[in-house]
Amino acid sequence: MSTFVEREDLNKALETLKNGGLILYPTDTIWGIGCDATNPEAVEKIYQLKGRDKTKSLIILLHNENQLASYVNDIPDVAYQLIEYTDKPLTIVYSNAKNLAPNAIAADGSIGIRVVKHAFCEQLLQRFRKPIISTSANISGEPSAKDFDEISPEIKNGVDYIVAYDRDVKTDGRSSTIMKLDSSGKFEFIRK
């Protein structure tokens with residue numbers, strides 16, 4: 001996988017996010033549709049494009065665990081250990097989300113967050129300084145695209161910018177592991 005990120009590509013994605021637009025971008029798992037996770041209008045565009053049920057919450061990406069306290073109240077200490085020691089992409093669902101678009105947060109107040117380890121995402125998140133939505137690049141109910149070539153024209157035409165980075169990289173098509181963690185540190189797996 002290439003670690004060189006083209007500055008122009010990064011700048012265009014960044015500008016799109018700042019303007020409330022949607023991007024199609026590679027992540028540490030599969031290609032995703034993203035937007036500013038603090039912008040309710042942008043989040044609404046994702047639900048519309050995917051035809052996704054609004055009762056299904058979304059996942060957000062952060063570039064490091066130090067940002068967690070800005071978006072979650074009551075983070076159990078074990079969360080930091082899980083993030084540090086996991087060798088596979090791990091999304092943790094936390095209770096008591098804050099400072100995010102209300103329509104990105106589940107009805108019970110929880111939010112799924114993944115600290116991403118991917119060259120493009122890390123640089124984009126560092127420069128954007130806000131969390132980004134990450135949802136699979138497919139129409140709701142259809143299979144997730146394993147790589148860029150499998151993404152439907154409907155999705156590609158529905159976003160404001162398509163990132164050039166990693167378009168030719170083939171992935172195993174695996175989504176992240178999802179674990180729900182309550183404020184006491186008790187956890188359960190939602191998706192392995």
Side-chain angles (χ1 to χ4, degrees), residues 9 12-63 71-72 89-94 97 99-116 118 120-121 124-125 128 130-167 169-180 189-192:
D9 196 24
K12 285 180 180 175
L14 193 60
E15 199 59 36
T16 302
L17 292 172
K18 286 179 179 177
N19 291 326
L22 303 184
I23 62 170
L24 183 58
Y25 68 116
T27 73
D28 53 344
T29 56
I30 56 178
W31 275 76
I33 302 168
C35 71
D36 176 352
T38 66
N39 181 331
E41 292 80 18
V43 172
E44 177 61 28
K45 289 179 193 176
I46 286 183
Y47 281 111
Q48 294 298 319
L49 176 59
K50 286 183 61 87
R52 186 178 173 107
D53 181 348
K54 292 182 184 167
T55 62
K56 290 186 174 184
S57 62
L58 298 165
I59 291 172
I60 68 166
L61 300 181
L62 299 176
H63 78 277
Y71 304 103
V72 178
L90 174 66
T91 300
I92 300 175
V93 178
Y94 300 91
N99 301 325
L100 296 165
N103 53 346
I105 300 170
D108 67 0
S110 66
I111 188 69
I113 299 176
R114 186 164 77 249
V115 175
V116 71
H118 180 270
F120 183 86
C121 292
L124 182 63
L125 286 157
F128 189 50
K130 293 182 189 178
I132 298 173
I133 295 290
S134 179
T135 184
S136 56
N138 62 317
I139 301 299
S140 198
E142 292 182 4
S144 299
K146 289 183 181 151
D147 53 55
F148 181 77
D149 294 336
E150 291 184 11
I151 300 169
S152 74
E154 188 175 354
I155 294 293
K156 289 177 180 175
N157 294 329
V159 298
D160 301 295
Y161 182 69
I162 300 174
V163 170
Y165 184 82
D166 269 2
R167 283 191 194 180
V169 172
K170 304 293 181 200
T171 69
D172 62 8
R174 294 186 57 157
S175 300
S176 65
T177 297
I178 300 179
M179 172 188 287
K180 186 165 187 157
F189 284 99
I190 295 173
R191 178 174 70 199
K192 285 188 177 185

Open item on the list: Would the distance check show the side chain of Asp108 and the main-chain N or O of Ser110 forming a donor-acceptor pair, the cut-off being under 3.5 Å?
Closed with: yes

Open item on the list: Closer than 3.5 angstrom, by distance alone: can the side chain of Asp160 be matched with the main-chain N or O of Leu22 as a donor-acceptor pair?
Closed with: yes

What distance separates [X] [atom1] from [Y] [atom2], expressed to the nearest 0.5 Å?
| X | Y | atom1 | atom2 | value |
| --- | --- | --- | --- | --- |
| Asp149 | Arg167 | CG | CZ | 10.0 Å |
| Asn99 | Ile105 | CG | CD1 | 8.5 Å |
| Ile23 | Trp31 | CD1 | CH2 | 9.5 Å |
| Thr135 | Ile30 | OG1 | CD1 | 8.0 Å |
| Ile151 | Ser144 | CD1 | OG | 10.0 Å |
| Asp36 | Leu100 | CG | CG | 9.5 Å |

Please examine the side chains of [Y] and [X], heavy atoms only from C-beta on, and report whether any two atoms are closer than 4.5 Å.
| X | Y | value |
| --- | --- | --- |
| Ile59 | Arg114 | yes |
| Pro131 | Thr38 | yes |
| Phe120 | Val163 | yes |
| Ile139 | Ile155 | yes |

Task: Geometric cation-pi criterion Lys130 and Tyr71, 6.0 Å radius, 45° cone - done: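 Not flagged: Lys130 not positioned over aromatic ring of Tyr71.
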
Exercise: identify the closest heavy-atom pair between [X] and [Y]:
| X | Y | answer |
| --- | --- | --- |
| Leu49 | Gly158 | CD1-CA, 3.7 Å |
| Ile111 | Ala104 | CD1-O, 3.2 Å |
| Ile46 | Gly34 | CD1-C, 4.0 Å |
| Thr29 | Ser176 | CG2-N, 3.7 Å |
| Cys121 | Pro26 | SG-O, 3.2 Å |

TODO: Identify the residue among Leu125, Thr91, Leu124 that makes a side chain to side chain contact (heavy atoms under 4.5 Å, CB included) with Leu61.
DONE: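 Output: one option passes, namely Leu125.
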
TODO: Run through Thr177, Ile92, Ile178 and flag the one making a side chain to side chain contact (heavy atoms under 4.5 Å, CB included) with Ile190.
DONE: Ile178

Open item on the list: Tell me every residue that passes side chain to side chain donor-acceptor pair (under 3.5 Å) with Ser136, counting only those two or more places apart in sequence or in another chain.
Closed with: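 Ser136 satisfies side chain to side chain donor-acceptor pair (under 3.5 Å) with Lys50, Asn138 once adjacent residues are dropped.
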
Open item on the list: According to side chain to side chain donor-acceptor pair (under 3.5 Å), who are the partners of Lys54, at least two apart in sequence or on a separate chain?
Closed with: Glu44

TODO: For Glu150, look at atom CD and say whether over 12 heavy atoms of other residues, nucleotides or ligands are found less than 6.0 Å away.
DONE: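 Yes - once you tally the heavy atoms of other residues, nucleotides and ligands closer than 6.0 Å, there are more than 12.
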
Open item on the list: Tell me if the NZ atom of Lys156 is crowded by more than 12 foreign heavy atoms within 6.0 Å.
Closed with: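 Atom NZ in Lys156 is packed in, count exceeds 12.
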
Task: Criterion side chain to side chain contact (heavy atoms under 4.5 Å, CB included) on Cys35 and Lys45, from CA distance to verdict - done: CA-CA 9 Å; Cys35 71; Lys45 289 179 193 176; over 6 Å; no

Task: Qualifying ring-ring contact (aromatic ring centres under 6.0 Å, His included) pairs, either residue in residues 37-62, two or more places apart - done: none

Open item on the list: Between Tyr25 and Asp9, is there a side-chain donor-acceptor contact under 3.5 Å, judged purely by atom types and distance?
Closed with: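 Tyr25 and Asp9 do not have a side-chain donor-acceptor pair below 3.5 Å.
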
